[in-house]
Amino acid sequence: MRIGRALENELVVSDLQVSRHHAEFTATPDGRFEIHDLGSHNGTYVNGQPIAKSSTVLIGPNDIVSVGHSTFRLVGGQLEEFVDTGDVSFSARHLTVTVDGGKQILKDVSFGVPEKSLIAVIGPSGSGKSTLLKALTGYRPANQGDVLYDNRNLYKQFAELRQRIGLVPQDDILHKELTVKKALKYAAKLRFPADTTEAERESRIDEVLRELKLDIHKEKKVTSLSGGQRKRVSVALELLTKPSLIFLDEPTSGLDPGMDRDVMQLLRGLADDGRTVLVVTHSVAELAICDKLLVMAPGGSVAYFGPPEEALNFFGYSTWADVFSAFENYRDYDWAGRWKGSQHYQMYAADIDAVAAQSVQMPPPQAVRPPKPQGWGSQLWTLIRRYTSVIASDKGFLGLMVILPAVLGIVSVVIPADFGLAPPKPPSKFNGDAGTIMLILAVGMCFSGAANSVRELIKERVIYERERATGLSRSAYLMSKVIVLGVITAFQGVIICAIGFAPRELPEEGLIMPPAVEICLTIIALGFTSMMFGLVISSLVKTAEKTMPLLVMFAIVQVVFTGVLFQVYGSPGLEQFAWLMPSRWAIAGAGSTLDLAHLMPPWDAKNPTDLDPLWEHSAGQWGINITVLLALGIICGFAVARLLRRHEPEVMRK
């Protein structure tokens, strides 16, 4: 019996998470059953673990087979299907998170979430709300305890269960330059299987937009929407894959009371439509519409879990301001002990350990590789198109990309045109300005290349974190940045060189190609490597504001180590450190073309034969200079890939 989305299957599953021809059940001659994956995109799971594509696995009566949102079990030789519609249990059991130094920021947190309900999590700052959310979603698994979804361990079966969980972070997970529909279109392209047709994706997008009353805003740019509408679009993005459990982190932060109410009523509607919704919030104005309320105490323990209308009476105060003040004034009080000794605990949380989690045989962690909805090439092409659309939608950024290299090129023209880049006419022996001209062009390209990329990763960090959890390839994401920014940087390099060389006299012959082409290729290679250094900075910093000081520092350091201002070669330690500087190798490449060692006055007039070896006027040295320059950029690429791992859900790191 074949299962899939296409109508010709014996078992048709109308779910965009399922491939057209997904898997096949077969009875063996000895009466047992096996399942064969037909090369599906989102994978076939047995007991929560993905089986290899196009492979076969024997299954027994205790095994659970999952395809998309559907689960199958063998009962007496019959195949029974369970479709995940949200009517499942979800519970946190004894979650404890310990950080460096042994400090516990989450202490023995346990609660059970009713089916198809809205749960609010509140508490003062430092009570562990964000840590709890990361533990519940697998972004940062708890050191102790379990998160059970339909009695299945989320941490151990994350590869499968991640498809059923939606997460809306506090920051918008959208490219604000795109229209609402276009943003959802690219998200659907990345999250749905590769065999999903455009018509199927369009249909699902329109369905979600109508459900959230966003259809009238679909052609508007996200940046033009109100705060509440943007939050709706973030929710719409998560609803594309029909998750049965949705987490939201501070969705009403920064919104006025009216929008606060609208967002909470939206979440109430999502729960009423058959989803379980858990929202972390600072706002207490709309708690009454929630089914359950979880109150966190300072130190990361549970102070209350139960109906919101009984919470204030439980604490003995009339307002939440009084409750939070009590938390602050009595930080050492045993709030968790008070809760566990109460009648409310017996009513709403005492039976949390009553149901045992399903026991499954786990393969070693290194053998578990969650499948990706799209192939690497397909993801790369989608990411390139999306990134290009984002840049094309930002007219200011486009203008700056053209103006910046033009201005930097014009700066180099300030030096009188009489001083070109060619050997001087007799009786002059040297052209002292040749090095200065190349210094200005090189540093300008350094600054321009790094400026292109220095904000690109930090500004998309929240988007990357979420998409990585849904199956985004880290290398495809990074390569899309490198390709698009590389093309832009090459274009800028041509502008800088065209303006800088226009009034200059160049040597008659180059080493391999015309000298203008050789120097332009050197400048473009410098721009590429500087762009990669910018990506390293962007992956290191925690806020976008820190990128500008580091960008300025990077550009100034490049000025110093070019080898033009003072003699770098022959200085132990200093010379070796300069090898790490892109500008050193770029000036060396241009110096080989121009024979800068003989064009500039020697640093040591007493020993004119003491020449910079990297400026040797030969095709071989020019090739070495360019190769090392590009190698520095490639090394930076590997460094960025490693640094990106820090911003991924821990269960997704390989």
Of all heavy-atom pairs between [X] and [Y], which one has the smallest distance, and what is that distance?
{"X": "G166", "Y": "P243", "value": "N-CB, 3.6 Å"}
{"X": "S40", "Y": "S19", "value": "CA-OG, 3.5 Å"}
{"X": "P193", "Y": "N42", "value": "CG-ND2, 3.7 Å"}
{"X": "L154", "Y": "G138", "value": "CD2-N, 4.1 Å"}
{"X": "K182", "Y": "L178", "value": "CD-CD2, 4.0 Å"}
{"X": "R164", "Y": "Y149", "value": "CB-OH, 3.6 Å"}

Salt bridge between [X] and [Y], side-chain N to carboxylate O under 4.0 Å?
{"X": "R268", "Y": "E286", "value": "no"}
{"X": "E198", "Y": "R201", "value": "no"}
{"X": "E460", "Y": "K481", "value": "yes"}
{"X": "R230", "Y": "D172", "value": "yes"}

Donor-acceptor contact present, side-chain [X] to main-chain [Y], <3.5 Å:
{"X": "S480", "Y": "L380", "result": "no"}
{"X": "S66", "Y": "T71", "result": "no"}
{"X": "S110", "Y": "H94", "result": "yes"}
{"X": "Q379", "Y": "G471", "result": "yes"}
{"X": "S203", "Y": "A199", "result": "no"}
{"X": "N143", "Y": "T98", "result": "yes"}
{"X": "R93", "Y": "D146", "result": "no"}
{"X": "S538", "Y": "L457", "result": "yes"}
{"X": "S244", "Y": "R275", "result": "no"}
{"X": "Y45", "Y": "L161", "result": "no"}

Hey, could you give me the [atom1]/[atom2] distance between [X] and [Y], rounded to the nearest 0.5 Å?
{"X": "S127", "Y": "I105", "atom1": "OG", "atom2": "CD1", "value": "11.0 Å"}
{"X": "L644", "Y": "S475", "atom1": "CG", "atom2": "OG", "value": "10.5 Å"}
{"X": "L167", "Y": "I173", "atom1": "CG", "atom2": "CD1", "value": "7.0 Å"}
{"X": "I3", "Y": "D37", "atom1": "CD1", "atom2": "CG", "value": "11.0 Å"}
{"X": "D30", "Y": "L58", "atom1": "CG", "atom2": "CG", "value": "8.0 Å"}
{"X": "L278", "Y": "I246", "atom1": "CG", "atom2": "CD1", "value": "11.0 Å"}

Residues L16, T241; criterion side chain to side chain contact (heavy atoms under 4.5 Å, CB included); working and verdict: CA-CA 7 Å; L16 290 182; T241 53; over 6 Å; no
Does any part of the side chain of [Y], heavy atoms only, come nearer than 4.5 Å to the side chain of [X], both counted from C-beta?
{"X": "W376", "Y": "M479", "answer": "yes"}
{"X": "S70", "Y": "H22", "answer": "no"}
{"X": "V113", "Y": "K292", "answer": "no"}
{"X": "E219", "Y": "K181", "answer": "yes"}
{"X": "N47", "Y": "I64", "answer": "yes"}
{"X": "L212", "Y": "L266", "answer": "yes"}
{"X": "T196", "Y": "R5", "answer": "yes"}
{"X": "K134", "Y": "T131", "answer": "no"}

Residue pair E8, R2: steps toward the salt bridge (charged side-chain N to carboxylate O under 4.0 Å, His left out) verdict: CA-CA 9 Å; E8 59 264 25; R2 194 172 55 189; 5.4 Å; no
More than 12 heavy atoms from other groups under 6.0 Å of NZ on K459: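 Atom NZ in K459 is packed in, count exceeds 12.
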Y477: partners by ring-ring contact (aromatic ring centres under 6.0 Å, His included), with sequence neighbours left out: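 Applying ring-ring contact (aromatic ring centres under 6.0 Å, His included) to Y477 gives Y464.
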L132 vs L294, side chain to side chain contact (heavy atoms under 4.5 Å, CB included): CA-CA, chis, key distance, verdict: CA-CA 11 Å; L132 174 63; L294 175 67; 3.7 Å; yes
Identified salt bridge (Lys or Arg N to Asp or Glu O under 4.0 Å) counterpart of E467 within the set R461, R386, R191: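 When R461, R386, R191 are each tested with E467, the salt bridge (Lys or Arg N to Asp or Glu O under 4.0 Å) holds only for R386.
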Aromatic plane relationship, F111 with F305 - under 30° parallel, 30 to 60° tilted, over 60° perpendicular: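 Judged by the thresholds at 30° and 60°, the geometry between F305 and F111 is tilted.
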Step-by-step side chain to side chain contact (heavy atoms under 4.5 Å, CB included) determination, D249 to S130: CA-CA 8 Å; D249 187 11; S130 296; 4.3 Å; yes
Step-by-step side-chain hydrogen bond (donor to acceptor under 3.5 Å, both in side chains) determination, S453 to E456: CA-CA 5 Å; S453 60; E456 293 308 298; over 6 Å; no
Candidate pair R140 and L106, rule side chain to side chain contact (heavy atoms under 4.5 Å, CB included), full reasoning: CA-CA 12 Å; R140 200 288 188 194; L106 209 63; over 6 Å; no
Proximity of F33 and F72 rings by center, below 6.0 Å: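 Not under 6.0 Å, so no.
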side-chain contact (heavy atoms from CB on, under 4.5 Å) partner of T388, the single match among V484, I488, L383: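 Result: among V484, I488, L383, V484 is the only option passing the side-chain contact (heavy atoms from CB on, under 4.5 Å) with T388.
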